[in-house]
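Working notes for the structure below.
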Amino acid sequence: MRKPVIAGNWKMNKIRDEALQFVYAVGEKLPSNSQLDSIICAPAIILRDLVKRQGDNLRIGGQNMHAKECGAYTGEISPIMLKSTGVEYVILGHSERRQYFNETNETVNEKVLAALANDLRPIICVGESLEEREQNKTNEVLYEQVTKAFVNVDPKDIDDIIIAYEPIWAIGTGKVASSDMADEACGYIRSLIEKIFDHSIAERVRILYGGSVSTATVDELMAKEHIDGALVGGASLKEEDFIRLCESAVKVQKV
Ligand code: 13P
């Protein structure tokens, strides 16, 4: 059984007071942690405050980190620093990081290994651009991103890893991928995990869809075989929408 996940990626939004208000407001209204992993990935500067007030049913994550433990990397945050805030998760390889901050499949892999070594659970983002989809290169891109992200990953860590399929053309555009298209890509990613490890590991790994997910589209996406949850940007900023997304996700259990 794969426990569903709703992960909010706030990106560079919300100052501390707004973030705390959100956490208080969603508080007891979220489904139990035994049924769902509800996660908010927030700007690093407020992570400690959120962890202190997260309650029983919400988990907190970072949005990025450096792979090294310390050193002369002005402005960066290391895995041990992130871990010391009490967060459990960290988004790695988000397309905005790849696009604007020069992240590559190799740096994503270094960060994945560093996160796991520091007991942080990586949410690894992959996905193609519009141009790549139009040129029928989606699987090629996913193959490169997934196989490289998993180099030297120990199969025993698979339950701590979440993969998020986020086609770049669907992010923040209102153009959600059709549920069939999203399921096909998530199924392909699962087949790659089977090739890298084995069938039982591929059946266990949780794969999310991300890109313009809303309360209107979540049910259809969640009903799909290979989609175990959603990584949500815009719709995770509103308390009532986040709660509604979480409620939808628990209705479906994947075996
Ligand atoms: P939107 O839900 O705003 O399209 O963002 C998706 C995303 O990038 C989540 O990481």
Side-chain angles (χ1 to χ4, degrees), residues 4-14 18-19 22 26 36-44 46-47 50 58-65 82 87-101 103 108 111-112 115 120-130 132-133 138 141-142 145-146 149 161-179 181-183 185-186 189 206-222 224 227-246 248-249:
V5 182
I6 294 291
N9 175 9
W10 280 354
K11 309 190 180 183
M12 199 171 69
N13 292 293
K14 289 198 192 288
E18 294 165 337
F22 179 103
V26 297
L36 172 78
D37 285 325
S38 320
I39 308 162
I40 287 290
C41 298
I46 54 172
L47 289 175
L50 295 185
L58 185 65
R59 296 291 176 271
I60 306 297
Q63 298 176 0
N64 175 44
M65 60 170 216
L82 203 52
V87 300
E88 277 178 48
Y89 293 87
V90 59
I91 295 174
L92 295 176
H94 191 280
S95 61
E96 288 151 16
R97 302 280 330 161
R98 294 178 191 257
Q99 221 175 329
Y100 307 134
F101 302 98
E103 294 215 359
V108 173
K111 291 180 181 198
V112 169
L120 289 162
R121 299 180 158 149
I123 301 173
I124 305 171
C125 299
V126 295
E128 81 288 0
S129 66
L130 183 59
E132 287 160 344
R133 177 159 283 268
T138 300
V141 171
L142 293 177
Q145 291 176 333
V146 174
I161 299 173
I162 294 172
I163 304 171
Y165 167 62
E166 297 207 309
I168 297 169
W169 48 270
I171 295 178
T173 57
K175 276 192 211 161
V176 62
S178 75
S179 54
M181 207 186 256
D183 192 45
C186 291
I189 292 168
R206 291 180 297 172
I207 305 178
L208 317 183
Y209 166 77
S212 296
V213 174
S214 69
T215 54
T217 54
V218 67
D219 288 338
E220 195 184 333
L221 290 162
M222 286 302 303
K224 291 291 173 186
I227 302 177
D228 303 314
L231 181 56
V232 189
S236 74
L237 294 168
K238 288 198 207 128
E239 289 122 26
E240 56 290 7
D241 285 4
F242 186 71
I243 294 165
R244 167 73 176 69
L245 293 167
C246 291
S248 294

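Numbering of ligands and ligand atoms starts at 1, following listing order. We use all heavy atoms of the structure for the numbers below, so side chains are in, but hydrogens, waters and symmetry mates are not.
For atom 5 (O) of ligand 1, the closest non-hydrogen atom on the protein side is K11 NZ, 3.3 Å. In terms of protein heavy-atom proximity, atom 2 (O) of ligand 1 is closest to G233 N, 2.9 Å. The single protein non-hydrogen atom nearest to atom 7 (C) of ligand 1 is E166 OE2, 3.2 Å, given as residue, atom name and distance.
Of all the heavy atoms of I171, the ones lying under 4.0 Å from any atom of ligand 1 are found in both the backbone and the side chain. The proximity of S95 to ligand 1, defined as any non-hydrogen pair under 4.0 Å, does not occur for either the backbone or the side chain.
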I'd like to know whether W10 forms a side chain to side chain donor-acceptor pair (under 3.5 Å) with Q63, so could you lay out the CA-CA distance, the side-chain angles of the two residues, the decisive distance to 0.1 Å, and finally the verdict. CA-CA 9 Å; W10 280 354; Q63 298 176 0; over 6 Å; no

Would H94 and Q99 satisfy side chain to side chain donor-acceptor pair (under 3.5 Å), going step by step from the backbone distance to the final call? CA-CA 9 Å; H94 191 280; Q99 221 175 329; over 6 Å; no

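Less than 4.0 angstrom separates some heavy atom of G234 from each of these atoms of ligand 1: 1 (P), 2 (O), 3 (O). Numbered from 1 in the order shown, with element, the atoms of ligand 1 that lie under 4.0 Å from a heavy atom of L231 read 9 (C), 10 (O). Close contacts between ligand 1 and A170 involve ligand atoms 4 (O) [criterion: under 4.0 Å to a heavy atom].
When only modelled atom types and interatomic distance are considered, S129 and E132 share a side-chain donor-acceptor pair under 3.5 Å.
Residue-ligand proximity: A7 is placed with every non-hydrogen atom at 4.0 Å or more from ligand 1. At least one heavy atom of G172 sits closer than 4.0 Å to an atom of ligand 1. Under a 4.0 angstrom heavy-atom cut-off, S212 registers as being in contact with ligand 1.
Salt-bridge check for D219 with R244: passed, with a basic side-chain N closer than 4.0 Å to an acidic carboxylate O. Remark: E103 does not engage R98 in a salt bridge, criterion side-chain N to carboxylate O under 4.0 Å.
Note that CD1 of I123 is 9.5 Å distant from CG of D37, once rounded to the nearest 0.5 Å.
Between L82 and V87, the shortest heavy-atom distance links the atoms O-CG2, 3.5 Å.
Remark: of the listed residues D241, V232, L208, L231, V232 is the sole one forming a side chain to side chain contact (heavy atoms under 4.5 Å, CB included) with V213.
Annotation: T173 places no N or O atom under 3.5 Å from an N or O atom of ligand 1; distance criterion only.
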